Amino acid sequence: GAGVSQSPSNKVTEKGKDVELRCDPISGHTALYWYRQRLGQGLEFLIYFQGNSAPDKSGLPSDRFSAERTGESVSTLTIQRTQQEDSAVYLCASSLTTGLETQYFGPGTRLLVL
Amino acid sequence: GENVEQHPSTLSVQEGDSAVIKCTYSDSASNYFPWYKQELGKRPQLIIDIRSNVGEKKDQRIAVTLNKTAKHFSLHITETQPEDSAVYFCAASGVTGANNLFFGTGTRLTVIP
């Protein structure tokens with residue numbers, strides 16, 4: 001079946017602008033995660049959704065970052081007033097449930113803030 | 001929170017030799033340890049994982065060992081091939097009971113033909 005998809009694949013924006021990134025999880029996956037990967041570095045956890053429960057926002061680096069998810073479908077990650085240090089690849093992953101399930105990653109959105 | 005350290009950051013081996021990558025974690029409550037392979041410009045792909053109720057798992061040329069007492073786990077690749085060249089990330093499950101992963105900083109493996 002279809003894997004995790006993300007859009008756009010690339011985004012170039014100017015400092016101070018808002019951006020919205022989209023993630024479509026694998027159908028039937030109740031858990032959805034956002035990670036950030038700076039160039040040459042590991043993946044940094046941002047936020048996690050599980051079904052209709054309140055999201056775990058503990059990884060969000062500042063209040064400029066927010067994310068939403070409607071039910072068990074699409075999620076959007078919004079970065080307001082972007083800064084150059086926000087430049088990174090933003091990866092979304094989904095898993096069947098929580099509790100030691102494999103996370104499947106999307107291709108990522110490469111964000112460049114000029 | 002959980003802290004995962006990974007070594008080495010770069011590793012070069014001759015084709016056919018073995019490669020070993022090591023990780024340590026800080027939170028004894030972590031109980032799931034996946035390894036991901038990421039080729040240049042591609043998404044991370046799960047290659048093997050281990051849960052805390054076992055000490056070793058093997059899948060063809062890839063094996064992972066876990067020492068819960070010492071809080072470290074390792075990836076072993078035998079008979080390396082040029083297509084094994086990639087960045088490998090270890091990860092450990094979070095402390096909250098959720099499944100969010102804390103990743104190591106990665107190991108760039110180069111297999112020299």
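In what follows, every chain begins at residue 1, and chains take the letters A, B, ... in the order their sequences are listed. As the structure is a computational prediction, the values presented were derived from the model and not from experiment.
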Applying the 4.5 Å side-chain criterion to the ILVMFWY set and letting contacts propagate, would [X] and [Y] be lumped into a single cluster?
| X | Y | result |
| --- | --- | --- |
| B:Phe73 | B:Ile62 | yes |
| A:Val4 | A:Tyr33 | no |
| A:Ile47 | A:Val74 | no |
| B:Ile47 | B:Ile77 | yes |

Practice prompt. Below 4.5 Å from any heavy atom of chain B, which atoms of A:Gln37 appear? Answer side chain, backbone, both or neither.
Written response: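 Only the side chain of A:Gln37 comes within 4.5 Å of chain B.
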Worksheet item: Which bit of A:Leu91 is near chain B, if near means a heavy-atom gap under 4.5 Å: side chain, backbone, both or neither?
Response: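 Answer is side chain: those atoms of A:Leu91 sit under 4.5 Å from chain B.
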Worksheet item: With a cut-off of 6.0 Å (strictly less than), are more than 12 heavy atoms of other residues, nucleotides or ligands near CD of A:Glu68?
Response: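 No, the 6.0 Å shell around CD holds no more than 12 heavy atoms from other groups.
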Discussion item. With a 6.0 Å cut-off (strictly less than), is the heavy-atom count around CZ of A:Phe45, excluding the residue itself, greater than 12?
Written reply: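 Check passes, neighbour count above 12.
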Practice prompt. Please state whether the side chain, the backbone, both or neither of B:Gln6 comes within less than 4.5 Å of a heavy atom of chain A.
Written response: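 Contact with chain A: none, neither part.
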Worksheet item: Side chain, backbone, both or neither: which part of B:Tyr36 has a heavy atom under 4.5 Å from chain A?
Response: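 The side chain, not the backbone.
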In the structure I gave you, are the side-chain heavy atoms of [X] and [Y] within less than 4.5 Å of one another anywhere?
| X | Y | result |
| --- | --- | --- |
| B:Pro34 | A:Thr102 | no |
| B:Leu101 | A:Gln103 | yes |
| B:Phe103 | A:Tyr35 | yes |

Discussion item. Distance check, rounded to the nearest 0.5 Å: A:Tyr104 atom OH versus B:Arg43 atom CZ?
Written reply: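 CZ of B:Arg43 is found 12.5 Å from OH of A:Tyr104.
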